[in-house]
Amino acid sequence: MKTRTKFLATAGMGLGLLLSTTAWSSNLDDWMDIQTDRCIDRVYEAISPDDGALGSVMASPSKREPNYYYHWIRDAALTMREVWAWRDADPQLAMETLWDYAHFSRENQLTDNLSGNHTDKGLGEPKFHMNGDAYNESWGRPQNDGPALRALVLMPFAKYLLDHGKESQVRKKLYNNDLPARTVIKADLEYVAHRWKDPSYDLWEEVEGDHFYTRITQWRALQMGTEFAKIMGDEGAEEFYHKQALKVHKSLEEFWNEKKGYYVATLNRTGGVDYKESGLDIAIILGVLHAGAKKGAFSVFDPRVLDTAIALEKTFQKLYSVNKIKKTRSGDVLAPAIGRYPEDTYNGVESGKQGNPWFLATHALAEFYAKRGEWDKAEAFILRSKTHSGENGRQSEQIDRNNGYMKGARDLTWSYASFLSLMRAYHP
Ligand code: NOJ
Ligand code: NOJ
């Protein structure tokens, strides 16, 4: 990947300014600025590596134990979302990167794979080799959050292009009204609109069924898709996406479990692992953040989402011994390190072991509280993430639940992307 010009953008300055008006430790304030800059660099390092196709995104440079050297649709979309959101760091590079990603994504869509092909279920394929080849081994497939997340990055990009006089490029490459779809966004929206009811594997690639995370990202994609279709004069699609969006939204209600007092991750399990009895999962918070509703049900201000966040914090506080340490040496409060879900048995290399806290899960709770304006609470989670980060702010996938050292795939791109997403809450 081409190197970007050093990040000195207004974003960092705005952050410093904002924080200096609060009583926060300047130490953490500085670290957040530095870490933001590093995360932008590392996200770019993960994109279009020399031996990968243009627009591909490695989930991690780790090629064995575990091998994460693949383009996962979900990780890539969440990464590109940050590239685009932080484009001020290097506008030209961000623009080129999004175009590369859009082209590579269309290639993915057109590549026959074990989920199917582009005329049926192929868009649900969760990952590809970095050169774009299909991954022809057994896996938890399909994963139907992928097309929704991809559309959620590419629509704002396309909107920007439209606003800058690039309509013909958009119609040619990103969204054309023709059916069968022959452009990347249109194909994803059609897939989501027609297949959101299908059971699929969850974002953790383990359970087949109906998932809150998948549904809420599908809802948001269809809602945004409705507006986008309207802009493109695609009236039939506008109406159809709107109808489906309402139905998906309604189906989200079913995930509330009154007895448990939180939203559960999965309903109607049809396959995959069966031991996630609590249903408690950071996937709920991630879904709320990635869908980004500003208010009301399924937003960060939904009291039921808050109940879910509190249940997660309590559970992980007790579960991981690393969380017994509740203050830093200088006396600042450390919130607990957060995992995916309490029954997790994946230690970063293999399943059937002890699960651990994850950086991206800990960042999710920080972002959740920051978006609610509960800054001190957010700070305690950020401090937790900082405490377990390696030299130069390196972040793998996991944090050992007993000794606090990093575990699992090194330099997980999603760890960095999730930190950038969190930092955006500080200067919207
Ligand atoms: C099992 C993990 O639990 C799952 O989340 C992961 O995607 C796969 N192994 C592949 O690493
Ligand atoms: C395992 C995670 O469970 C999954 O969500 C992710 O896509 C892959 N690792 C790659 O990071």
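Whatever order the structure lists them in is the order used to number ligands and atoms, beginning at 1. Count residues from 1 along the sequence.
- The ring pair (Phe, Tyr, Trp, His ring centres under 6.0 Å) contacts involving residues 384-410 comprise nothing, where partners must be two or more places apart or lie in separate chains.
- Listed by first then second residue, pairs satisfying salt bridge (Lys or Arg N to Asp or Glu O under 4.0 Å) with a partner in residues 390-404 read R394-D411, D400-K407, not counting sequence neighbours.
- When heavy-atom distances to ligand 1 are checked against 4.0 Å, the residues falling inside are Y68, W139, W204, E205, E206, R340, Y346, S351, ordered by chain and number.
- The salt bridge (Lys or Arg N to Asp or Glu O under 4.0 Å) search around D307 returns none, not counting sequence neighbours.
- Close contacts between ligand 2 and W414 involve ligand atoms 5 (O) [criterion: under 4.0 Å to a heavy atom].
- Residue K172 places its NZ atom among 12 or fewer non-hydrogen atoms of other residues, nucleotides or ligands, all under 6.0 Å distant.
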Checklist entry - Would Y135 and H129 satisfy ring pair (Phe, Tyr, Trp, His ring centres under 6.0 Å), going step by step from the backbone distance to the final call? => result CA-CA 6 Å; Y135 177 74; H129 287 283; 5.8 Å; yes
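- When each of Y346, W358, Y213, W72 is tested with W204 by the rule ring pair (Phe, Tyr, Trp, His ring centres under 6.0 Å), just one qualifies, namely W358.
- Interface of D75 with ligand 2, defined as ligand atoms under 4.0 Å from a residue heavy atom, comprises 6 (C), 7 (O), 10 (C), 11 (O).
- Judged by a 6.0 Å distance limit and a 45° cone about the ring axis, K127 is positioned over the six-membered ring of Y70.
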